[in-house]
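Here's the structure we're looking at; comments come further down.
Worth knowing before you read on, the calculation uses all heavy atoms, side chains too, and leaves out hydrogens, waters and symmetry mates.
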Amino acid sequence: MITPHLLLVHSLILYTALALGCASGVVDRASTSPTDTYQQLSDQAVLYRQEAVDLRAAAHYYEGEAQRSAWETGQDSDRTQRYRDFAQQASVQALEADRHAEEYQEQLL
């Protein structure tokens, strides 16, 4: 069984690899029509928006787990702090995904 924090770590790694791969421009673009280019940019913006939504959901989940953990232990335990750290990391990456989506959206204008 995959634990929630392991799932978050794997998601963060996957999204980071996706973002770096897209941003690096490793693949040379073939000559494409303006319609194809528009569609690619639009698709990329949508993907980043969805990534931001997913990451915000993960952050919300981990913040809830941190609150539950603090309530159960009556203090800030290591587990509570880990959950808060996961929530913070997910929030930061969600902001980054939003920034990438905005960049693609600006290219559409």
Can you pull out every salt bridge (Lys or Arg N to Asp or Glu O under 4.0 Å) where at least one residue sits in residues 38-50? Sequence neighbours excluded, please.
R49-D98, R49-E102
If you round to the nearest 0.5 Å, how far is CD of Q93 from CZ of R99?
12.0 Å
When you group the ILVMFWY residues by side-chain heavy-atom contacts below 4.5 Å and let the links chain together, are Y38 and L41 in the same group?
yes
Gap between atom CZ of R84 and atom CD of Q89 - 0.5 Å precision:
14.5 Å
Applying side-chain contact (heavy atoms from CB on, under 4.5 Å) to R56 and L95, what does each step give before you reach the verdict?
CA-CA 9 Å; R56 280 194 181 81; L95 291 172; 3.9 Å; yes
Between NE2 of H100 and CD of Q44, what distance do you get to the nearest 0.5 Å?
10.0 Å
If hydrophobic clusters are built by linking Ile, Leu, Val, Met, Phe, Trp and Tyr wherever their side-chain heavy atoms come under 4.5 Å apart, do L108 and Y104 end up in the same one?
yes
Give a yes or no answer on whether the side chain of S69 reaches the backbone of E65 with a donor-acceptor pair at less than 3.5 Å.
no
Is the closest side-chain heavy-atom distance between R79 and E72 below 4.5 Å?
yes
Taking the side chain as C-beta and beyond, is there a heavy-atom pair between L55 and H60 under 4.5 Å?
no
Cut-off 3.5 Å, side chains only: do D85 and Q81 have a donor facing an acceptor?
yes
